[in-house]
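A short worksheet on the structure shown next.
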There are 2 protein chains.
Amino acid sequence: MSPITEPDEATPVVRGESRLMEAGIVGDIEFLLARARAVGSVRANQGLADVGLKVRSYSVLALACSGLGPSQREMAGFLRLDPSQIVALVDELERRELVAREPDSRDRRSKVVTGTRAGRTLQTKAARMVRTAEDRSLSPLSETERELLRDLLRRVAFESPT
Amino acid sequence: MSPITEPDEATPVVRGESRLMEAGIVGDIEFLLARARAVGSVRANQGLADVGLKVRSYSVLALACSGLGPSQREMAGFLRLDPSQIVALVDELERRELVAREPDSRDRRSKVVTGTRAGRTLQTKAARMVRTAEDRSLSPLSETERELLRDLLRRVAFESPT
DNA sequence: TGCGAACGGTTGACCACCTCAATCGTCGTG
DNA sequence: CACGACGATTGAGGTGGTCAACCGTTCGCA
(Lines give C-alpha, C1' and ligand atoms only; values in the text may rest on other atoms or scores of the structure.)
Protein backbone atom coordinates (compact mmCIF):
# COMPACT_ATOMS: atom_id res chain seq x y z
CA MET A 1 0.00 0.00 0.00
CA SER A 2 2.61 2.56 0.96
CA PRO A 3 4.33 3.69 -2.21
CA ILE A 4 7.91 3.03 -1.12
CA THR A 5 8.09 -0.27 0.73
CA GLU A 6 8.33 -3.35 -1.45
CA PRO A 7 5.94 -6.25 -0.81
CA ASP A 8 6.74 -8.05 2.40
CA GLU A 9 7.22 -11.72 1.71
CA ALA A 10 5.89 -12.71 5.13
CA THR A 11 2.60 -10.85 4.60
CA PRO A 12 -0.41 -13.17 4.75
CA VAL A 13 -2.77 -13.02 1.81
CA VAL A 14 -5.06 -10.14 2.67
CA ARG A 15 -7.22 -8.95 -0.13
CA GLY A 16 -8.72 -5.98 1.75
CA GLU A 17 -7.24 -2.50 1.92
CA SER A 18 -5.09 -3.35 4.82
CA ARG A 19 -3.22 -0.41 6.25
CA LEU A 20 -6.06 0.58 8.57
CA MET A 21 -6.56 -2.93 9.88
CA GLU A 22 -4.35 -1.84 12.75
CA ALA A 23 -7.14 0.41 13.98
CA GLY A 24 -9.09 -0.79 16.96
CA ILE A 25 -12.33 -0.55 15.09
CA VAL A 26 -11.78 -3.90 13.36
CA GLY A 27 -12.70 -5.46 16.68
CA ASP A 28 -16.11 -3.83 16.58
CA ILE A 29 -18.87 -6.23 15.74
CA GLU A 30 -21.01 -3.39 14.50
CA PHE A 31 -18.37 -2.34 12.03
CA LEU A 32 -17.69 -5.87 10.87
CA LEU A 33 -21.37 -6.56 10.32
CA ALA A 34 -21.73 -3.34 8.34
CA ARG A 35 -18.76 -4.04 6.16
CA ALA A 36 -19.58 -7.70 5.59
CA ARG A 37 -23.07 -6.71 4.65
CA ALA A 38 -21.89 -3.95 2.33
CA VAL A 39 -19.68 -6.44 0.53
CA GLY A 40 -22.35 -9.10 0.26
CA SER A 41 -25.49 -7.18 -0.43
CA VAL A 42 -24.05 -5.49 -3.49
CA ARG A 43 -23.41 -8.88 -4.97
CA ALA A 44 -26.78 -10.28 -3.95
CA ASN A 45 -28.58 -7.30 -5.42
CA GLN A 46 -26.69 -7.66 -8.67
CA GLY A 47 -27.78 -11.26 -8.97
CA LEU A 48 -31.37 -10.50 -8.03
CA ALA A 49 -31.59 -7.63 -10.50
CA ASP A 50 -31.98 -10.22 -13.25
CA VAL A 51 -35.35 -11.21 -11.84
CA GLY A 52 -36.37 -7.68 -10.86
CA LEU A 53 -35.91 -8.16 -7.14
CA LYS A 54 -33.74 -6.76 -4.37
CA VAL A 55 -32.78 -8.36 -1.10
CA ARG A 56 -35.74 -6.65 0.54
CA SER A 57 -38.37 -7.81 -1.90
CA TYR A 58 -36.74 -11.22 -2.10
CA SER A 59 -37.06 -11.65 1.64
CA VAL A 60 -40.73 -10.84 1.53
CA LEU A 61 -41.30 -13.13 -1.42
CA ALA A 62 -39.43 -15.93 0.29
CA LEU A 63 -41.55 -15.59 3.42
CA ALA A 64 -44.72 -15.48 1.36
CA CYS A 65 -43.69 -18.67 -0.42
CA SER A 66 -42.63 -20.45 2.74
CA GLY A 67 -46.00 -22.09 3.23
CA LEU A 68 -46.25 -20.55 6.68
CA GLY A 69 -48.81 -17.95 5.66
CA PRO A 70 -47.25 -15.01 7.47
CA SER A 71 -49.19 -11.84 8.14
CA GLN A 72 -47.62 -8.54 7.22
CA ARG A 73 -46.98 -7.75 10.81
CA GLU A 74 -45.21 -11.02 11.36
CA MET A 75 -43.02 -10.24 8.38
CA ALA A 76 -42.25 -6.81 9.74
CA GLY A 77 -41.16 -8.19 13.09
CA PHE A 78 -39.18 -10.99 11.54
CA LEU A 79 -37.36 -8.81 9.02
CA ARG A 80 -37.03 -5.96 11.52
CA LEU A 81 -38.74 -3.56 9.19
CA ASP A 82 -41.43 -0.98 9.81
CA PRO A 83 -44.88 -2.31 8.93
CA SER A 84 -45.26 0.50 6.44
CA GLN A 85 -42.30 -0.78 4.49
CA ILE A 86 -43.93 -4.18 4.22
CA VAL A 87 -46.97 -2.52 2.72
CA ALA A 88 -44.90 -1.04 -0.09
CA LEU A 89 -43.01 -4.26 -0.72
CA VAL A 90 -46.13 -6.39 -0.79
CA ASP A 91 -47.84 -3.79 -2.99
CA GLU A 92 -45.09 -4.14 -5.55
CA LEU A 93 -45.04 -7.94 -5.45
CA GLU A 94 -48.80 -8.08 -5.63
CA ARG A 95 -48.83 -5.75 -8.60
CA ARG A 96 -46.53 -8.18 -10.37
CA GLU A 97 -48.87 -10.99 -9.30
CA LEU A 98 -46.14 -12.80 -7.42
CA VAL A 99 -47.96 -12.75 -4.09
CA ALA A 100 -51.55 -12.35 -2.95
CA ARG A 101 -53.06 -10.78 0.15
CA GLU A 102 -55.68 -13.03 1.68
CA PRO A 103 -57.91 -12.03 4.58
CA ASP A 104 -57.25 -13.95 7.74
CA SER A 105 -60.46 -15.70 8.71
CA ARG A 106 -59.53 -15.62 12.39
CA ASP A 107 -58.65 -11.95 12.49
CA ARG A 108 -60.09 -9.72 9.86
CA ARG A 109 -57.57 -7.01 10.64
CA SER A 110 -54.60 -8.98 9.43
CA LYS A 111 -53.81 -10.17 5.93
CA VAL A 112 -51.96 -13.31 5.09
CA VAL A 113 -49.48 -13.05 2.25
CA THR A 114 -48.95 -16.10 0.09
CA GLY A 115 -46.96 -16.66 -3.07
CA THR A 116 -48.75 -17.31 -6.34
CA ARG A 117 -47.62 -20.04 -8.68
CA ALA A 118 -45.57 -17.51 -10.63
CA GLY A 119 -44.22 -16.16 -7.38
CA ARG A 120 -43.07 -19.54 -6.25
CA THR A 121 -41.26 -20.32 -9.46
CA LEU A 122 -39.58 -16.93 -9.40
CA GLN A 123 -38.65 -17.44 -5.78
CA THR A 124 -36.85 -20.70 -6.44
CA LYS A 125 -35.01 -19.06 -9.30
CA ALA A 126 -34.08 -16.10 -7.12
CA ALA A 127 -32.99 -18.40 -4.30
CA ARG A 128 -30.46 -19.97 -6.62
CA MET A 129 -28.99 -16.57 -7.50
CA VAL A 130 -28.82 -15.59 -3.85
CA ARG A 131 -27.04 -18.80 -3.04
CA THR A 132 -24.39 -18.35 -5.72
CA ALA A 133 -23.85 -14.74 -4.61
CA GLU A 134 -23.50 -16.00 -1.07
CA ASP A 135 -21.01 -18.61 -2.15
CA ARG A 136 -18.72 -15.93 -3.45
CA SER A 137 -19.11 -13.80 -0.35
CA LEU A 138 -18.26 -16.72 1.87
CA SER A 139 -15.44 -18.02 -0.29
CA PRO A 140 -12.78 -17.23 2.33
CA LEU A 141 -14.46 -19.69 4.68
CA SER A 142 -14.56 -23.48 4.67
CA GLU A 143 -17.89 -25.27 4.63
CA THR A 144 -17.88 -25.96 8.35
CA GLU A 145 -16.88 -22.38 9.06
CA ARG A 146 -19.81 -21.13 7.00
CA GLU A 147 -22.21 -23.24 9.00
CA LEU A 148 -20.59 -22.00 12.18
CA LEU A 149 -20.94 -18.38 11.11
CA ARG A 150 -24.59 -18.93 10.24
CA ASP A 151 -25.23 -20.48 13.61
CA LEU A 152 -23.51 -17.71 15.56
CA LEU A 153 -25.31 -15.01 13.58
CA ARG A 154 -28.61 -16.75 14.06
CA ARG A 155 -28.17 -16.66 17.79
CA VAL A 156 -27.13 -13.02 17.82
CA ALA A 157 -29.96 -12.07 15.49
CA PHE A 158 -32.69 -13.91 17.35
CA GLU A 159 -31.72 -14.55 20.93
CA SER A 160 -30.34 -11.14 21.74
CA PRO A 161 -32.34 -9.10 24.30
CA THR A 162 -34.70 -6.50 22.96
CA MET B 1 -46.73 -24.49 13.23
CA SER B 2 -50.35 -25.52 13.58
CA PRO B 3 -52.33 -22.92 15.48
CA ILE B 4 -53.87 -25.32 17.96
CA THR B 5 -50.95 -27.17 19.52
CA GLU B 6 -50.09 -26.16 23.05
CA PRO B 7 -46.55 -25.01 23.91
CA ASP B 8 -44.03 -27.80 23.53
CA GLU B 9 -42.21 -28.33 26.78
CA ALA B 10 -39.05 -29.39 24.92
CA THR B 11 -38.83 -26.07 23.10
CA PRO B 12 -35.45 -24.37 23.64
CA VAL B 13 -35.47 -20.83 24.95
CA VAL B 14 -35.91 -18.71 21.85
CA ARG B 15 -36.41 -15.06 22.52
CA GLY B 16 -37.08 -14.07 18.89
CA GLU B 17 -40.46 -14.08 17.19
CA SER B 18 -40.13 -17.66 16.32
CA ARG B 19 -42.94 -18.93 14.13
CA LEU B 20 -41.21 -17.91 10.90
CA MET B 21 -37.92 -19.48 11.86
CA GLU B 22 -39.10 -22.45 9.83
CA ALA B 23 -38.69 -20.39 6.66
CA GLY B 24 -35.67 -21.14 4.55
CA ILE B 25 -34.55 -17.57 4.67
CA VAL B 26 -32.99 -18.02 8.10
CA GLY B 27 -30.18 -19.83 6.29
CA ASP B 28 -29.40 -16.73 4.25
CA ILE B 29 -26.26 -14.98 5.37
CA GLU B 30 -27.51 -11.75 3.88
CA PHE B 31 -30.65 -11.89 5.97
CA LEU B 32 -28.83 -12.85 9.12
CA LEU B 33 -26.34 -10.04 8.72
CA ALA B 34 -29.13 -7.55 8.14
CA ARG B 35 -31.07 -8.67 11.15
CA ALA B 36 -28.10 -8.92 13.46
CA ARG B 37 -27.07 -5.46 12.40
CA ALA B 38 -30.56 -4.07 12.85
CA VAL B 39 -30.63 -5.45 16.37
CA GLY B 40 -27.21 -4.20 17.30
CA SER B 41 -26.99 -0.84 15.62
CA VAL B 42 -30.10 0.44 17.33
CA ARG B 43 -28.48 -0.27 20.67
CA ALA B 44 -25.13 1.17 19.64
CA ASN B 45 -26.75 4.33 18.35
CA GLN B 46 -28.68 4.73 21.58
CA GLY B 47 -25.50 4.56 23.57
CA LEU B 48 -23.65 6.90 21.24
CA ALA B 49 -26.47 9.43 21.27
CA ASP B 50 -25.26 10.51 24.72
CA VAL B 51 -22.07 11.86 23.17
CA GLY B 52 -23.72 13.17 20.00
CA LEU B 53 -22.40 10.46 17.71
CA LYS B 54 -23.76 7.70 15.53
CA VAL B 55 -22.04 4.55 14.40
CA ARG B 56 -21.02 6.31 11.21
CA SER B 57 -19.44 9.31 12.84
CA TYR B 58 -17.99 7.13 15.55
CA SER B 59 -16.21 5.00 12.99
CA VAL B 60 -14.67 8.06 11.38
CA LEU B 61 -13.66 9.47 14.73
CA ALA B 62 -12.12 6.17 15.75
CA LEU B 63 -10.06 5.99 12.58
CA ALA B 64 -8.97 9.59 13.00
CA CYS B 65 -7.84 8.84 16.55
CA SER B 66 -6.10 5.60 15.63
CA GLY B 67 -2.76 7.30 15.16
CA LEU B 68 -2.57 5.92 11.64
CA GLY B 69 -3.30 9.26 10.02
CA PRO B 70 -5.74 8.00 7.43
CA SER B 71 -6.72 10.05 4.40
CA GLN B 72 -10.36 10.52 3.61
CA ARG B 73 -10.10 8.17 0.69
CA GLU B 74 -8.58 5.48 2.84
CA MET B 75 -11.45 5.88 5.24
CA ALA B 76 -13.95 5.62 2.45
CA GLY B 77 -12.48 2.39 1.17
CA PHE B 78 -12.14 0.94 4.62
CA LEU B 79 -15.64 1.79 5.74
CA ARG B 80 -17.09 1.00 2.31
CA LEU B 81 -18.62 4.43 2.03
CA ASP B 82 -18.66 6.88 -0.82
CA PRO B 83 -15.93 9.54 -0.48
CA SER B 84 -18.62 12.20 -0.47
CA GLN B 85 -20.09 10.74 2.67
CA ILE B 86 -16.74 10.99 4.38
CA VAL B 87 -16.68 14.67 3.53
CA ALA B 88 -19.92 15.27 5.35
CA LEU B 89 -18.92 13.20 8.35
CA VAL B 90 -15.54 14.87 8.68
CA ASP B 91 -17.17 18.27 8.19
CA GLU B 92 -19.39 17.62 11.14
CA LEU B 93 -16.62 16.31 13.37
CA GLU B 94 -14.35 19.15 12.37
CA ARG B 95 -17.06 21.66 13.13
CA ARG B 96 -17.22 20.22 16.63
CA GLU B 97 -13.43 20.41 16.78
CA LEU B 98 -13.07 16.71 17.39
CA VAL B 99 -10.91 16.10 14.34
CA ALA B 100 -8.70 18.22 12.09
CA ARG B 101 -7.91 17.99 8.40
CA GLU B 102 -4.19 18.30 7.78
CA PRO B 103 -2.61 18.55 4.37
CA ASP B 104 -0.54 15.55 3.44
CA SER B 105 3.00 16.76 2.83
CA ARG B 106 3.62 13.94 0.34
CA ASP B 107 0.46 14.47 -1.67
CA ARG B 108 -1.20 17.80 -1.51
CA ARG B 109 -4.39 16.35 -2.98
CA SER B 110 -5.18 14.23 0.03
CA LYS B 111 -5.97 15.34 3.54
CA VAL B 112 -5.04 13.43 6.64
CA VAL B 113 -7.66 13.36 9.35
CA THR B 114 -6.48 13.25 12.94
CA GLY B 115 -8.30 13.47 16.23
CA THR B 116 -7.86 16.52 18.42
CA ARG B 117 -7.32 16.19 22.13
CA ALA B 118 -11.03 16.66 22.71
CA GLY B 119 -11.72 14.18 19.96
CA ARG B 120 -9.53 11.54 21.54
CA THR B 121 -11.11 11.87 24.95
CA LEU B 122 -14.56 11.69 23.42
CA GLN B 123 -13.51 8.70 21.38
CA THR B 124 -12.40 6.69 24.39
CA LYS B 125 -15.65 7.57 26.10
CA ALA B 126 -17.63 6.54 23.03
CA ALA B 127 -15.64 3.34 22.70
CA ARG B 128 -16.77 2.33 26.15
CA MET B 129 -20.39 2.85 25.24
CA VAL B 130 -20.00 0.88 22.05
CA ARG B 131 -18.42 -1.95 23.97
CA THR B 132 -21.22 -2.18 26.50
CA ALA B 133 -23.80 -2.07 23.74
CA GLU B 134 -21.90 -4.82 21.99
CA ASP B 135 -21.81 -6.85 25.17
CA ARG B 136 -25.56 -6.91 25.27
CA SER B 137 -25.85 -7.76 21.60
CA LEU B 138 -23.47 -10.66 21.97
CA SER B 139 -24.88 -11.86 25.26
CA PRO B 140 -26.17 -15.12 23.75
CA LEU B 141 -22.57 -16.08 22.94
CA SER B 142 -19.73 -17.23 25.16
CA GLU B 143 -16.45 -15.34 25.15
CA THR B 144 -14.73 -17.77 22.82
CA GLU B 145 -17.73 -17.75 20.52
CA ARG B 146 -17.59 -13.99 20.34
CA GLU B 147 -13.97 -14.07 19.30
CA LEU B 148 -14.79 -16.74 16.76
CA LEU B 149 -17.61 -14.66 15.31
CA ARG B 150 -15.34 -11.64 15.07
CA ASP B 151 -12.72 -13.67 13.28
CA LEU B 152 -15.14 -15.18 10.78
CA LEU B 153 -16.71 -11.81 10.04
CA ARG B 154 -13.32 -10.22 9.63
CA ARG B 155 -12.42 -12.71 6.98
CA VAL B 156 -15.71 -12.32 5.13
CA ALA B 157 -15.50 -8.55 5.36
CA PHE B 158 -11.92 -8.23 4.18
CA GLU B 159 -10.89 -11.28 2.22
CA SER B 160 -13.95 -11.66 0.07
CA PRO B 161 -13.45 -11.01 -3.66
CA THR B 162 -14.45 -7.65 -5.01
C1' DT C 1 -73.63 -6.11 26.29
C1' DG C 2 -71.11 -2.28 25.36
C1' DC C 3 -67.07 0.74 25.98
C1' DG C 4 -62.39 1.88 25.61
C1' DA C 5 -57.77 0.39 24.82
C1' DA C 6 -54.84 -2.03 21.83
C1' DC C 7 -53.73 -3.82 17.40
C1' DG C 8 -53.00 -4.62 12.08
C1' DG C 9 -52.71 -2.26 7.91
C1' DT C 10 -52.27 1.98 5.36
C1' DT C 11 -50.93 6.62 4.16
C1' DG C 12 -48.02 10.55 4.11
C1' DA C 13 -44.33 13.39 5.74
C1' DC C 14 -39.66 13.82 7.00
C1' DC C 15 -34.93 12.82 7.47
C1' DA C 16 -30.77 9.82 6.80
C1' DC C 17 -28.26 7.66 3.57
C1' DC C 18 -26.44 5.89 -1.09
C1' DT C 19 -25.05 6.56 -5.78
C1' DC C 20 -23.65 9.06 -9.37
C1' DA C 21 -21.79 12.67 -12.28
C1' DA C 22 -19.23 16.87 -12.60
C1' DT C 23 -15.62 20.00 -10.96
C1' DC C 24 -11.08 21.60 -9.16
C1' DG C 25 -6.53 21.09 -7.85
C1' DT C 26 -2.72 17.91 -7.81
C1' DC C 27 0.23 13.99 -9.18
C1' DG C 28 2.78 10.88 -12.33
C1' DT C 29 4.22 9.35 -16.61
C1' DG C 30 5.72 9.65 -21.11
C1' DC D 1 4.99 19.92 -20.38
C1' DA D 2 0.87 17.72 -21.66
C1' DC D 3 -2.30 14.29 -20.61
C1' DG D 4 -4.54 10.84 -17.94
C1' DA D 5 -5.46 9.43 -13.23
C1' DC D 6 -6.52 10.56 -8.58
C1' DG D 7 -8.28 12.90 -4.02
C1' DA D 8 -11.63 16.01 -2.25
C1' DT D 9 -15.81 18.44 -2.87
C1' DT D 10 -20.44 19.68 -4.39
C1' DG D 11 -25.04 18.83 -5.85
C1' DA D 12 -28.86 16.06 -7.67
C1' DG D 13 -31.88 12.06 -7.49
C1' DG D 14 -33.33 7.94 -5.59
C1' DT D 15 -33.89 4.64 -1.79
C1' DG D 16 -34.59 3.35 2.79
C1' DG D 17 -35.79 4.16 7.87
C1' DT D 18 -38.70 6.55 11.28
C1' DC D 19 -42.66 8.51 12.90
C1' DA D 20 -47.42 10.12 13.55
C1' DA D 21 -52.12 9.82 12.30
C1' DC D 22 -55.98 7.22 10.60
C1' DC D 23 -59.54 3.31 9.91
C1' DG D 24 -61.45 -0.92 10.84
C1' DT D 25 -61.19 -4.77 13.94
C1' DT D 26 -60.47 -7.28 18.18
C1' DC D 27 -60.03 -7.92 23.03
C1' DG D 28 -60.36 -7.00 28.01
C1' DC D 29 -63.33 -5.64 31.24
C1' DA D 30 -66.85 -3.55 33.67
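Not measured: the values here are computed from a predicted model.
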Salt-bridge contact [X]-[Y] (side-chain N to carboxylate O under 4.0 Å):
{"X": "B/E145", "Y": "A/R155", "result": "yes"}
{"X": "A/R95", "Y": "A/E92", "result": "yes"}
{"X": "A/E147", "Y": "A/R150", "result": "yes"}

In whole Å, what is the span from the [atom1] atom of [X] to the [atom2] atom of [N]?
{"X": "A/L81", "N": "D/dG16", "atom1": "CG", "atom2": "P", "result": "10 Å"}
{"X": "A/D91", "N": "C/dG9", "atom1": "CG", "atom2": "P", "result": "12 Å"}
{"X": "A/L79", "N": "D/dG16", "atom1": "CG", "atom2": "P", "result": "14 Å"}
{"X": "A/M75", "N": "C/dT10", "atom1": "CE", "atom2": "C1'", "result": "16 Å"}
{"X": "B/R101", "N": "D/dA8", "atom1": "CZ", "atom2": "C1'", "result": "8 Å"}
{"X": "B/N45", "N": "C/dC15", "atom1": "CG", "atom2": "C1'", "result": "14 Å"}
{"X": "B/D82", "N": "D/dG14", "atom1": "CG", "atom2": "P", "result": "17 Å"}
{"X": "A/E92", "N": "C/dT10", "atom1": "CD", "atom2": "P", "result": "15 Å"}

To the nearest 0.5 Å, what is the distance between CD1 (B/I86) and CZ (B/R56)? 8.5 Å
Is the closest side-chain donor-acceptor distance between B/Q72 and B/S110 under 3.5 Å? no
Going by atom types alone, do B/T114 and B/R101 pair a side-chain donor with an acceptor below 3.5 Å? no
Could you check which of [options] has an atom nearest any side-chain atom of [X]?
{"X": "B/K54", "options": "D/dA8, C/dG9, C/dA16", "result": "C/dA16"}
{"X": "A/R56", "options": "D/dA8, D/dT9, D/dG16", "result": "D/dG16"}
{"X": "A/K111", "options": "C/dG9, C/dA16, D/dT9", "result": "C/dG9"}

Would you please classify the geometry between the B/F78 ring and the A/F31 ring as parallel, tilted or perpendicular, with 30° and 60° separating the classes? parallel
Please determine whether any donor N or O and acceptor N or O are separated by less than 3.5 Å between the side chain of B/S84 and the base of C/dC20. yes
Please produce a list of atom pairs where a protein N or O lies less than 3.5 Å from an N or O of nucleotides 23-30 of chain C.
residue: C/dC27; atom: OP1; partner: B/R108; partner atom: N; Å: 2.8
residue: C/dC27; atom: OP2; partner: B/R108; partner atom: NH2; Å: 3.4

Within less than 4.0 Å of OP1 or OP2 of D/dT15, is there a side-chain N or O belonging to A/Q85? no
